[in-house]
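Not measured: the values here are computed from a predicted model.
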There are 2 protein chains.
Amino acid sequence: MPHKADRDQIRRQNRSIILQALRRDGPLARIELGQITKLSPATVTSITGDLLDQGLIEGFETSEQKEQSTRGRPRSLLRLTPNAAYVVCVRLSVQRLDLALVDYSGQTVAHHSAPLEGNALTSDTTSPRLVHLIRELLTMADAPSSRVQEIGLIAQGAVDVDVEAGTIIWSPAIDGRNTQIVEPLSAAFDAHCTIVNDTNMITEALHWSDPEKYAGTFVVVFLDHGMGMGLYLDGRLFCGANGKAAEIGHTNHMPDGALCQCGKKGCFEAYLSENALSRIALAEPSCDAPSLDAALELAASGNGPVLDGFSGAGRVLGFALARIIAMFDPRRIVLTGRSARALPYMQEGMRSGLEDGLIADLSQNHEIDVAPWDEDYIIRGMAAQAMTRLDLCYKGTAGR
Amino acid sequence: MPHKADRDQIRRQNRSIILQALRRDGPLARIELGQITKLSPATVTSITGDLLDQGLIEGFETSEQKEQSTRGRPRSLLRLTPNAAYVVCVRLSVQRLDLALVDYSGQTVAHHSAPLEGNALTSDTTSPRLVHLIRELLTMADAPSSRVQEIGLIAQGAVDVDVEAGTIIWSPAIDGRNTQIVEPLSAAFDAHCTIVNDTNMITEALHWSDPEKYAGTFVVVFLDHGMGMGLYLDGRLFCGANGKAAEIGHTNHMPDGALCQCGKKGCFEAYLSENALSRIALAEPSCDAPSLDAALELAASGNGPVLDGFSGAGRVLGFALARIIAMFDPRRIVLTGRSARALPYMQEGMRSGLEDGLIADLSQNHEIDVAPWDEDYIIRGMAAQAMTRLDLCYKGTAGR
DNA sequence: GGTATTTTTTTGGACACCAAAAAAATGTTG
DNA sequence: CAACATTTTTTTGGTGTCCAAAAAAATACC
């Protein structure tokens, strides 16, 4: 049974809609906000008045504005106050540590990126090091640390995470186990801190980048070192009861099949990880250093055995997509990630796998397409998600 | 971006909550409604006043009530007016046609059940026949046909349905193709008519029967003639972009595996349908008429080859469950259906399949349990879903 | 019959929405 | 340059919803 509704909910939701419109479509006049949100001008004035009082938005003037002026009272543009709040994105991958500071208007105002040398981090030093780096970032951007509202930690690579406890159980980048991370960061900045999943952030970013196209129910399949999946179901990100949904790489494709790095047999990743795809190059006996690039070059040159290898991998991918379509019935499946380059050579195999793995009844009403891969997707998705969470923190009018 | 919120939404939602409380917990006094819904007494009086005016609820008196009376103003109970609206459930399976008429209070007030003899229905006669049977049902229950608000059609068996067009493309029970069904029924009774999925209704019924236990994210696996699945994700039924999500029976377990009735190779159903389980009995050479009962009897008597057969089927089921857990990360998986009787003999195989198919990281935080199977689940689920839809039809106070 | 107790209704206030009127700020024109 | 036209923003007034508190209603107890 849903919860009872009250007045505050209305205001909170309408307020959030206005903030989102401003974040998405830049500076806007009140009349435009009214048109976008369908709220009456009176209501827009009332809500933006509150937001101005709270310092979350501010007036904004451009020179362009005056040039193309028409008769009538000129519009007064509003925008999000950039320094009203900040979101920190931390990405910890196997050999790199990236940080980005995103302001309330959605701009990245500072970032830091450095290679991680072996054993640079241990269980004890990780969180102090992150606190230090975040403080440096804040200094660079001249942002007071009290304004940090959200910290998102993206742990990439073969990482074992305990979302509940907020710890990294194991990561190749950290020497040691059970690294406390959420609690120390949260305490240092008095901010909401979460460990998030990279594929989920890509999914969120796609939705944010084009809410028309990436709407309703769609699935993202991420081919990189490993194989990941992100689920956007009925208009929202789906994470499962314990935040561990959308595992596909280590689900079984073939009982007693090829040995996977995880120790089990027949996982999809055993056929579709970057390593697995690289090994296709070995089909050409003269190949001495297998890599995905080597394999792609051989395929481009028309090497038969290598093309057969990609076709076989494509067939496995086809079975994976068939499974996804049957389970989720998405409007769209998006393939992306660094290994998506190999897809052109996998098309035919993919089709055969889809044909053999998918019941005819379901083989239409969905599109499969490839999104160009951009590393920044992850940070953009994280920021968008965190900002949306902020927008819903409504503190009545009593706080004035 | 979510839609703007307005005042009517508040009333609609609170009204709906009160109606649901009354439907779930029988006759209730206003003060009890206030406690359940957390609405103030004043608001409860206001909303129930509207509902009384509209005839959707009515006062109710019992003799019990007076016996255990205490000091103070006595409670005056309210209940849903049984004849305020009706929902019709039609279930068309291979050899039977069942109809049930459910009143606004959730009681089944009339039903009809008859075997379907061969070729009894054709594309042209199906909908007139259904209209006729529904009218008979209404006469039996002395219900005016204008009060029929929702008609739900459950097409069971190997049926091919076009939900968009509201037609049954093909069904073993109907002689002919592309049977128009939603439009004629909808027109005949001026009611909302939908084709629904049986497994989805079981899922809805489980949630309705115990909203505490079956809440949030859970998955129902239905073992019957075939194999079905129902998904309740983040507190609501998930149907996919085209209403065809949750297919599991005809997803691939083993590339180039056992031949399935659908014509493809290696579907789960090829190993787990009632037919497939029945054939386990053939492991005992003396068996002449294979059936699930025969197989279960042989298993009960400790027949080794038959027990091995069930163990093998259990292993396949284990792989299916591993896949479900990885994809959806549910809090609970519920196994039910007529073939659930065979589960005791499949336990060990199931465990081995889960172990080999599920990455260790995910092998906790979920419960797998068996729900007793009751045919009525389907109708109860349908009625609950339809009633909830009705509760949200709020027609302001202007209609008075 | 008066008092205590419990439930229900009424009253009055706060607040969010909207439509319509008013005000503000500019361009256009005679 | 003042009056008018136009567009945006704010204010006003009204409706509807919620709630807290007071009042009313209906019963049991003494």
Ignoring backbone atoms, establish whether B:Arg75 has a side-chain N or O less than 4.0 Å from OP1 or OP2 of C:dT7. yes
Side-chain N or O of B:Ser40 versus OP1/OP2 of D:dA20: is the shortest distance under 4.0 Å? no
Within the pair B:Asn14 and D:dC18, is there a side-chain N or O less than 4.0 Å away from OP1 or OP2? yes
Check whether any side-chain nitrogen or oxygen of A:Ser46 sits under 4.0 Å from OP1 or OP2 of C:dA16, and answer yes or no. no
DNA chain D: B:Arg7 or A:Glu32, which has the more 5' nearest nucleotide? A:Glu32
Which nucleotide in the list C:dA16, D:dA26, C:dA25 gets nearest to the side chain of A:Arg73? C:dA25
Once you apply a heavy-atom cut-off of 4.0 Å, does A:Arg30 come out as touching a base, just sugar-phosphate, or nothing? sugar-phosphate
What I want to check is whether the side chains of A:Arg30 and A:Ser76 have a donor and an acceptor closer together than 3.5 Å. yes
Identify, between A:Val44 and B:Thr48, the residue whose nearest nucleotide on DNA chain C lies closer to the 5' end. B:Thr48
Answer yes if the side chains of B:Arg11 and B:Thr43 hold a donor-acceptor pair under 3.5 Å, and no otherwise. no
Give a yes/no answer on whether the side chain of A:Thr70 brings an N or O atom under 4.0 Å of OP1 or OP2 in D:dT6. no
Determine: side-chain N/O of A:Thr43 to OP1/OP2 of C:dC18, distance under 4.0 Å, yes or no. yes
Comparing A:Pro41 and A:Gly72 on DNA chain C - which has the more 5′ nearest nucleotide: A:Pro41
Look at A:Thr45 and D:dT9 and indicate whether a side-chain polar atom (N or O) is within less than 4.0 Å of OP1 or OP2. no
Does NZ or CZ of B:Arg23 come closer than 6.0 Å to the centre of the six-membered ring of B:Tyr104, within 45° of the ring's axis? yes
May I ask you to check whether B:His207 and B:Tyr214 show a side-chain donor-acceptor distance below 3.5 Å? no
